Amino acid sequence: MALRIWASSTANALGLSVASKAPALAPLSRCFSSVLDGLKYAKSHEWVKHEGSVALVGITDHAQDHLGEVVFVELPEVGAAVSQGGSFANIESVKATSDVNSPVSGEVVEVNDKLGEAPGLVNTSPYEDGWMIKVKPSNPSELESLMGPKDYTKFCEEEDAAH
Amino acid sequence: MGLLRQSEKLGLPLMNLVRFKGMPILDQLNLEEKLLRTTSDNWCIVNDGANAPTVVMGVSGKPAELLELESVIGDNVPVIKRFTGGGTVIVDEGTIFVTLICNKDAVPKVQPYPRSIMSWSGKLYDEVFQGIGDFQLRENGKQKLSIRNCFETLPSPPHYLFASAMQPIFQCSKSWCFVLLPDYVFGNRKFGGNAQSITKDRWIHHTSFLWDYEDRNMTYLKLPSRAPEYRSARDHTEFVCRMREYLQRSAFIDKTIKALDNYFMVQPATPADVNSCQVAKFAHSTRLLSKQELEDACSSTKPGTIAQSASI
């Protein structure tokens with residue numbers, strides 16, 4: 001009820017028309033961000049794609065949407081060690097810096113240099129051009145502890161519903 | 001009534017309140033980062049004035065773009081790059097700092113993302129400043145949201161959204177919503193700026209409040225390329241205002257602590273308490289820029305520099 005009242009007041013304040021018999025605003029599906037098949041997901045909203053001996057890592061569409069416009073990305077050096085759950089990068093968006101945590105342990109073998117000049121790729125293409133690092137995993141079995149697409153979608157919905 | 005208040009507060013998370021006066025801003029920032037990353041407690045740090053005029057830039061700030069470098073270098077003004085995001089400020093003994101360091105689940109309905117944190121902090125400070133002068137929340141930036149998820153993203157009806165019908169803080173088109181990220185202003189003059197840093201399980205939100213300032217110090221700052229619309233290209237002295245014209249220094253600090261009382265069980269902590277919970281070694285990411293770095297940045301802005309670099 002509170003949500004409907006607020007939505008109606010907002011619409012009135014902004015001069016938007018509201019249908020006189022608008023249906024009750026049932027709880028909306030909470031996770032509208034894209035979630036891709038073939039990837040694994042961490043609870044801290046990073047994704048990993050295991051391709052042979054290398055794992056590609058970035059942040060999810062859900063994460064980039066919640067962070068806002070990315071203006072700066074600080075990546076590790078090639079050769080740096082990363083550990084599962086540990087911070088490996090820093091993203092600046094909307095007056096905030098946010099840690100990015102690695103979903104797997106291993107060695108960084110490549111970083112996405114394009115993010116230096118075009119940090120917004122993290123927003124516009126989080127699963128492709130906005131990838132962050134490539135890791136040589138030291139313990140591929142860690143991938144089994146991560147979520148698949150359906151579980152991650154449900155996780156996002158539950159997380160947003162709780163707030 | 002006292003017993004009722006106590007029982008209401010029983011369910012609230014603890015927050016350690018530590019107060020300093022005249023702590024150097026570099027020391028304050030280092031302490032904040034250490035408490036954020038190496039403790040699991042909630043903290044409120046109040047520093048009543050820095051010890052000396054200092055420029056403080058956000059993590060990605062570029063000195064050549066943001067500072068009048070010849071003056072900064074000539075007057076030996078320290079320049080710090082801090083670990084949080086956001087813009088550039090110049091702080092001194094007239095600046096009051098309020099920092100909140102929280103576990104991600106400390107405040108109900110607040111997610112560890114920038115706009116969620118700033119929505120809550122806007123509400124907190126709205127409680128502090130309501131009824132004082134012509135206080136408003138004004139747009140600093142916009143956050144684009146799809147119309148489908150705008151309801152999930154904003155907190156439950158925050159009263160400040162409707163504080164000023166003439167300046168909606170929430171804009172909708174048919175397919176997009178924008179939530180406006182607030183500055184704290186009296187009239188159309190800003191008196192407080194904030195920034196965040198977010199880790200996996202915790203976040204920090206720190207604000208610098210202009211209780212007073214020297215006009216001369218504002219001349220060290222250039223007009224930023226990214227500025228809110230309401231700034232209307234005003235220079236710093238026309239854009240900011242002094243809180244001292246609206247309330248007393250101690251009253252502001254007291255009202256802030258009282259507002260925090262609605263969300264936390266605030267308990268005083270001494271600097272000794274702070275020291276006792278710190279780890280011995282910690283690599284800070286806030287740093288003081290060297291004179292050489294500032295001079296190099298200054299040189300890069302001068303004509304002929306690019307050709308010179310290319311020949312090297």
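These figures come from a predicted structure and were not determined experimentally. Just so we're on the same page: letters track the sequence lines, and every chain starts at 1.
To the nearest 0.5 Å, the span separating CG on B:L26 from CG on B:N30 amounts to 4.5 Å.
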Subject >> Candidate pair B:F209 and B:Y184, rule side chain to side chain contact (heavy atoms under 4.5 Å, CB included), full reasoning >> reply: CA-CA 9 Å; B:F209 291 96; B:Y184 308 134; 4.0 Å; yes
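For the options A:A63, A:A96, A:S93, heavy-atom pairs under 4.5 Å to chain B are most numerous at A:A96. In terms of heavy-atom pairs under 4.5 Å with chain B, the best-connected choice from A:I91, A:D99, A:T97 is A:T97.
By the 30° and 60° cut-offs, the orientation of the rings of B:W203 relative to B:W120 is perpendicular.
Note on B:E293 versus B:R287: salt bridge recorded, some NZ/NE/NH1/NH2 to OD/OE distance being below 4.0 Å.
In this structure, chain B has no heavy atom under 4.5 Å from any part of A:S87. Of the atoms belonging to B:R82, not a single heavy atom falls under 4.5 Å from chain A.
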